[in-house]
Amino acid sequence: MEPVPLCSGEVILTLEEPSLAMSVNWDRCPASSFVVPDAMSLAAVRSHAGGRPVGMMIHADGWNPEEDIGAEWPSERLIGRFKNIVSRATHAKADFVYIRMRQNLHVLRAAVLAVTDQSGLGILVEMPVDEDGRTGDGSSALAVMGIMQRIGVAGIILTGEPEDVDDVIEELAPYANIALGVSAQPHELDKMQHLESVEFYHTSDWECVRRIWERAPESTGRNEPEADEDYILAPVGAHTHFVDATIDISDPIDLEDNFGENLLELEDQWSGAWKLEISTPYDVHLLAENQYMLERPVCLEAENPELLEEALRVFDGIALYDGTWELDEDMFDYFRQHYGLVAL
């Protein structure tokens with residue numbers, strides 16, 4: 001995947017409406033890159049950008065639970081919708097895509113998969129956070145970042161109240177293998193103490209670009225994770241989990257054999273991770289339908305690579321592979337790069 005064409009401490013300017021391009025003083029604007037709202041605006045802004053990268057906005061929304069009852073999660077309808085948007089960005093030669101988290105982790109992950117399915121474009125994700133370090137759907141910001149950085153996202157930009165964003169920067173930075181950024185106005189930077197871990201800044205007001213650029217502290221460069229490398233961040237949905245190679249994994253759990261009741265019983269039994277057996281397409285459906293009940297790390301066992309991919313596609317988390325069934329090295333590398341599969 002191509003790297004996101006940004007440098008440390010630089011500013012991204014989003015033109016929320018195509019007409020705003022007419023108000024930008026392109027000679028004075030020191031933004032390092034630009035984001036436009038649609039594919040049709042790419043060529044116009046690129047003609048003024050002086051060789052600076054121009055990306056396209058994608059809003060991660062559009063999931064209707066009533067329409068998707070019984071469908072795979074992420075549904076192919078939803079991924080297909082995002083693929084259509086991505087194809088327009090690719091055709092118009094966008095340099096990267098900027099995805100805004102608008103609904104929940106499920107929809108955000110679907111949008112990312114649509115990009116990685118069919119393009120080599122760099123991906124930035126804008127993620128709102130609150131005072132509890134959670135996104136709008138209640139997901140842990142650390143869990144969302146842990147998933148995003150394993151499935152091809154190159155950077156996350158945090159939005160919210162300055163004090164809340166500052167706390168989340170402090171929480172995420174030790175575990176970030178991707179760039180962290182903030183969306184902020186110049187006066188809000190004074191309320192943040194942990195900007196040394198921030199590599200770029202985002203604004204939608206071109207007049208703020210220079211003031212942000214002048215007031216932002218110098219970045220320390222690429223994030224160097226401080227966390228213990230023996231432990232792997234492997235979230236399951238909204239929940240943050242850390243695992244190591246010696247984690248105790250349960251015996252295979254048959255999803256078709258009262259899956260929900262089995263999980264309730266297993267909660268009282270010690271095992272660091274649950275191994276879910278994927279043997280049929282119906283197992284994939286059950287995984288998608290019941291994954292909200294999963295509160296421990298998950299190992300997916302599927303000797304059929306096609307079924308394994310279907311399970312990885314619907315699983316809103318980072319799955320483990322414990323090597324107890326044979327998986328071709330090339331196939332594993334594909335699953336690792338595309339879905340974040342972790343080998344123990």
Would you check if [X] and [Y] make a side-chain contact, meaning some heavy-atom pair closer than 4.5 Å?
| X | Y | value |
| --- | --- | --- |
| L233 | R150 | no |
| S183 | L158 | no |
| L300 | L312 | yes |
| Y201 | L189 | yes |
| L13 | L15 | yes |
| E126 | I99 | no |
| V36 | M57 | no |
| V11 | F200 | no |

Check: [X]/[Y] side-chain N/O donor and acceptor closer than 3.5 Å:
| X | Y | answer |
| --- | --- | --- |
| S41 | D38 | yes |
| H106 | D137 | no |
| T203 | D205 | no |
| E309 | Y334 | yes |
| H202 | T14 | yes |

* Asked: Among the clusters formed by ILVMFWY side chains lying less than 4.5 Å apart, do L42 and M40 turn up in the same one?
  ->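 No, because L42 and M40 fall into different hydrophobic clusters, even though each may have its own neighbours under 4.5 Å.
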- prompt: F315, M293: one ILVMFWY side-chain cluster at the under-4.5 Å cut-off?
  reply: yes
Rounded at 0.5 Å granularity, tell me how far [atom1] in [X] sits from [atom2] in [Y].
| X | Y | atom1 | atom2 | result |
| --- | --- | --- | --- | --- |
| S279 | E256 | OG | CD | 7.5 Å |
| E170 | M192 | CD | CE | 13.5 Å |
| E163 | K191 | CD | NZ | 5.5 Å |
| I247 | L320 | CD1 | CG | 6.5 Å |
| L195 | L180 | CG | CG | 11.0 Å |
| M148 | M127 | CE | CE | 9.0 Å |

Side chain of [X], backbone of [Y]: donor and acceptor closer than 3.5 Å?
| X | Y | result |
| --- | --- | --- |
| Q103 | G62 | yes |
| D61 | R102 | no |
| W213 | E10 | no |
| T116 | V112 | yes |
| E277 | D283 | no |
| D164 | G160 | no |
| W26 | A21 | yes |
| Q118 | K83 | yes |
| R46 | P53 | no |
| R52 | A49 | yes |

**OP:** Check step by step if side-chain contact (heavy atoms from CB on, under 4.5 Å) holds for L142 and Y175.
**Re:** CA-CA 8 Å; L142 182 57; Y175 309 102; 3.8 Å; yes
**Prompt:** Does the side-chain contact (heavy atoms from CB on, under 4.5 Å) test come out yes or no for V35 and L124, once each step is laid out?
**Reply:** CA-CA 11 Å; V35 177; L124 290 177; over 6 Å; no
Practice item. Go through the steps for E16 and R100 under the test salt bridge (Lys or Arg N to Asp or Glu O under 4.0 Å), then give the verdict. Key: CA-CA 12 Å; E16 301 284 356; R100 276 185 171 154; 2.7 Å; yes
Is the number of heavy atoms from other residues, nucleotides or ligands within 6.0 Å of [atom1] ([X]) greater than 12?
| X | atom1 | value |
| --- | --- | --- |
| E303 | CD | no |
| E329 | CD | no |
| E17 | CD | no |

Please give me the minimum heavy-atom distance between [X] and [Y], naming the atom from each residue.
| X | Y | value |
| --- | --- | --- |
| M101 | L105 | CE-N, 3.6 Å |
| A110 | F82 | C-CD1, 4.0 Å |
| A39 | A92 | O-CB, 3.8 Å |
| E171 | P174 | O-CD, 3.4 Å |
| T159 | V165 | C-CG2, 3.6 Å |
| V86 | S119 | CG1-OG, 4.0 Å |

Less than 4.0 angstrom from a charged side-chain N to a carboxylate O is my criterion; do [X] and [Y] meet it?
| X | Y | value |
| --- | --- | --- |
| K275 | D322 | yes |
| D190 | R215 | yes |
| E76 | R313 | yes |

What's the verdict on side-chain contact (heavy atoms from CB on, under 4.5 Å) for R109 and Y339, showing C-alpha distance, side-chain angles and the deciding distance? CA-CA 10 Å; R109 186 171 175 272; Y339 303 106; 3.9 Å; yes
The residue among D244, I249, T246 that forms side-chain contact (heavy atoms from CB on, under 4.5 Å) with L344 is I249
### Task
Run the numbers on W206 and F34 for ring pair (Phe, Tyr, Trp, His ring centres under 6.0 Å), then give the verdict.
CA-CA 10 Å; W206 82 266; F34 304 92; over 10 Å; no
Using the ring of each side chain (for Trp, its six-membered ring), is H239 parallel, tilted or perpendicular to H241, with breaks at 30° and 60°?
-> tilted
**Request:** List the steps and the verdict of side-chain contact (heavy atoms from CB on, under 4.5 Å) for V342 and Y321.
**Result:** CA-CA 6 Å; V342 171; Y321 169 63; over 6 Å; no
